[in-house]
Colleague: 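Got a structure for you, written out below as structure tokens; questions coming shortly.
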Amino acid sequence: MTSYSPAPGAAPVGRMLLAQTAFETKMLLRNGEQLLLTVVIPTVLLVLFSAVDVVSVDGPGKRVDFLAPGLLALAVMSTAFTGQAIGTGFERRYGVLKRLGASPLPRWALLTAKTGCVLITEVLQVALLSVIALTLGWSPHGNLPAVVGLLVLGTAAFSGLGLLMAGTLRAEATLAAANLVFILLLLAGGVVVPLSKFPSGVRSALELLPISALSDGLRSVLQYGAGIPWSDLGILGVWAVLGLGAAARFFRWE
Amino acid sequence: MHADPAVEVTGLVKRYGDKTAVDGLDLTVRRGAITAVLGPNGAGKTTTIETCEGYRRPDAGTVRVLGLDPVADARQLRPRVGVMLQSGGVYAGARAVEMLRHTARLHADPLDVDTLVERLGLDSCGRTSYRRLSGGQQQRLALAMAVVGRPELVFLDEPTAGLDPQARRATWDLVRDLRRDGVSVVVTTHHMDEAEQLADRVAIVDRGRVIAEGSPEELCRDGAESSLHFEGPAGLDLGSLLKVLPDGSSVAEPRPGTYRIEAPLDPQLLATVTAWCASSGVMPEKLTVQRRSLEDVFLDLTGRDLRS
């Protein structure tokens, strides 16, 4: 016969963190819509636009040399912003965040686990897209630390904005808005359409978007072999501070 | 066993905008007992429980759970308290057993997951995701998640709402086993029979206050007039019966041939009634004594009208 005699206690925080990260990642990878967003769309765009001349590209090298950095930026946005906003919005709606609030898992550990889950997914995305791009003849330049720095800061900026949306809007509104923003930024953020195609006034506004800073920064390193793209990193840094700050201030758990 | 209470709520007030959900509520929950918080919808049960769980800050009054402040001492308290929300709390895509296993991993010394799964019949959920489980399966999973960490105190918010009779029994049996092993249990419900069967103590909440508290027996006895019923020929002369009954009694014929006598119940009353029947040449059929149920007490206290 089972005894229910009390023996309360939290698991060691490292074990909780590991368990939560693994569980969140498992839930994400099982979600078909999320995979469409994070894997299928960037892959299809990369393959399609590399092969077919429907968008005119910019700069030196082959079409894939322009497209690959943009789609890496899109991958980061799809996971850190769109996927995280929608996922977290529904977790809030279904009381998952509320129930976890009563568990021994501290809130900072939950957010760390979410970040861990985003980073794991991004590693998988970057690996997949890089392999596909390389088979399409991609020849990237540049230094790895600059690329990693851009990806990390881009993740921070998009996570802040995604969590802000998830923690303030209704889940359905988040779903609609996050998808809309994804499409708008895909088209107007220098991902597949060069910003040089836009009129100059519009262009200087678009250049301040986090997606433009990320795709431009990645492109200047990977396509042009530039050093460290400080201005892009600066823009991403500002977005990260604003987004994470606002999320911390306005996020509602229920 | 500790002498101090598991939960002590004093003068709790909680407002949402200009609506007062809890209005000076006092509640003491004994250790190692099952306490039912009973009340109509909107009485303030869930708000009270969620304040004890640390989800809401009191606007006034104090709440102590296991001697601690649920908001300020949340970190210490959380592992010691099991929580079952009224609904939700599970990832939409999660399967029952993996969710329970994950919850167990957050605790130092959890119950054996397989045993708990079998006991609550969650093994039948298989690979079905949470959102496709039946309401009863979702409820049982939430219950399992509340107890898997081996807490000292469990809050169950309407744990049997929407359950079929078998699942309801299974829930009650588990709650009784928790008490047997020294766990304190607080359960909200609006099922009278649940409170009557399960609880050691009942607190009836209405309009944000506790309006009656005690064991189910005490509540049913307090000020309770039991009634005597019998059937016989229609249209008996009740005036002559009333004359022989003690002062303050009442007699009615709610349906032709069905009689109801309300009076303090003792053997003498039975003797008086049967003697009157004998002298009137009436054979009382189906002579029964009806004790007041908790439902009667509840309806007397909270009113019989539907509330919007």
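Below, chain A is the first sequence line, B the second, and so on; all start at residue 1.
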Colleague: Between B:Gly89, B:Gly149, B:Gly54, which shows the greatest number of heavy-atom pairs under 4.5 Å with chain A?
Modeller: B:Gly89
Colleague: A:Ala10 and B:Ala108: which non-hydrogen atoms are nearest, and at how many Å?
Modeller: O-CB, 3.4 Å
Colleague: Do A:Tyr4 and B:Leu111 touch side chain to side chain, with heavy atoms closer than 4.5 Å?
Modeller: yes
Colleague: Would you give the length of the straight line joining atom CG of B:Asp181 to atom OG1 of A:Thr2, rounded to the nearest 0.5 angstrom?
Modeller: 9.0 Å
Colleague: If we only count heavy atoms from C-beta on, is the B:Glu98 to A:Met27 side-chain gap below 4.5 Å?
Modeller: yes
Colleague: Within a radius of less than 6.0 Å around CZ of A:Arg15, do more than 12 heavy atoms belonging to other residues, nucleotides or ligands occur?
Modeller: yes
Colleague: More than 12 heavy atoms of other residues, nucleotides or ligands under 6.0 Å from CD of A:Glu172: yes or no?
Modeller: yes
Colleague: Measuring only between side-chain heavy atoms, which start at C-beta, is A:Pro8 closer than 4.5 Å to B:Arg150?
Modeller: no
Colleague: For chain A, which candidate among B:Ser129, B:Gly93, B:Gly88 shows the most heavy-atom pairs at distances under 4.5 Å?
Modeller: B:Gly93
Colleague: So for B:Arg119, is it side chain, backbone, both, or neither that comes closer than 4.5 Å to the heavy atoms of chain A?
Modeller: side chain
Colleague: Within a radius of less than 6.0 Å around CZ of A:Arg30, do more than 12 heavy atoms belonging to other residues, nucleotides or ligands occur?
Modeller: yes
Colleague: Taking ring-ring contact (aromatic ring centres under 6.0 Å, His included) as the cut-off, I'd like each qualifying pair that reaches into residues 7-31 of chain A, sequence neighbours left out, listed once.
Modeller: A:Phe23-B:Tyr91, A:Phe23-B:His102
Colleague: Do A:Gln20 and B:Arg105 come close enough that some side-chain heavy atom pair is under 4.5 Å?
Modeller: no
Colleague: Please determine whether salt bridge (charged side-chain N to carboxylate O under 4.0 Å, His left out) holds for the pair A:Arg99 and B:Glu53, giving the CA-CA distance in whole Å, both sets of side-chain angles, and the decisive distance to 0.1 Å.
Modeller: CA-CA 10 Å; A:Arg99 177 63 185 78; B:Glu53 291 164 347; over 6 Å; no
Colleague: Between B:Val90 and chain A, which part of the residue has a heavy atom less than 4.5 Å away: side chain, backbone, both or neither?
Modeller: backbone
Colleague: Enter the distance from B:Asp109:CG to A:Ser5:OG here, rounded to the nearest 0.5 Å.
Modeller: 10.5 Å
Colleague: I'd like to know whether CH2 of A:Trp239 has more than 12 heavy-atom contacts from other residues, nucleotides or ligands below 6.0 angstrom.
Modeller: no
Colleague: Where does B:Met145 contact chain A at under 4.5 Å (heavy atoms): side chain, backbone, both or neither?
Modeller: both
Colleague: Strictly below 4.0 Å, N to O, side chains only: are B:Glu50 and A:Lys98 in salt-bridge contact?
Modeller: yes
Colleague: Measure across B:Leu106 and A:Ser103 and return the closest heavy-atom pair with its distance rounded to 0.1 Å.
Modeller: CD1-OG, 3.9 Å
Colleague: Pick one of side chain, backbone, both or neither for B:Arg101, based on which atoms fall under 4.5 Å of a heavy atom in chain A.
Modeller: neither
Colleague: Flag the one option from A:Gly95, A:Gly87, A:Pro6 with the top tally of heavy-atom pairs under 4.5 Å to chain B.
Modeller: A:Pro6
Colleague: Taking every heavy-atom pair that is under 4.5 Å apart, which of B:Arg95, B:Met84, B:Gln76 has the most such pairs with chain A?
Modeller: B:Arg95
Colleague: Where does A:Leu100 contact chain B at under 4.5 Å (heavy atoms): side chain, backbone, both or neither?
Modeller: side chain
Colleague: Report which part of B:Leu153 has an atom under 4.5 Å of a heavy atom belonging to chain A: side chain, backbone, both, or neither.
Modeller: neither
Colleague: Counting only heavy atoms not in B:Arg176, do more than 12 fall under 6.0 Å of its CZ?
Modeller: yes
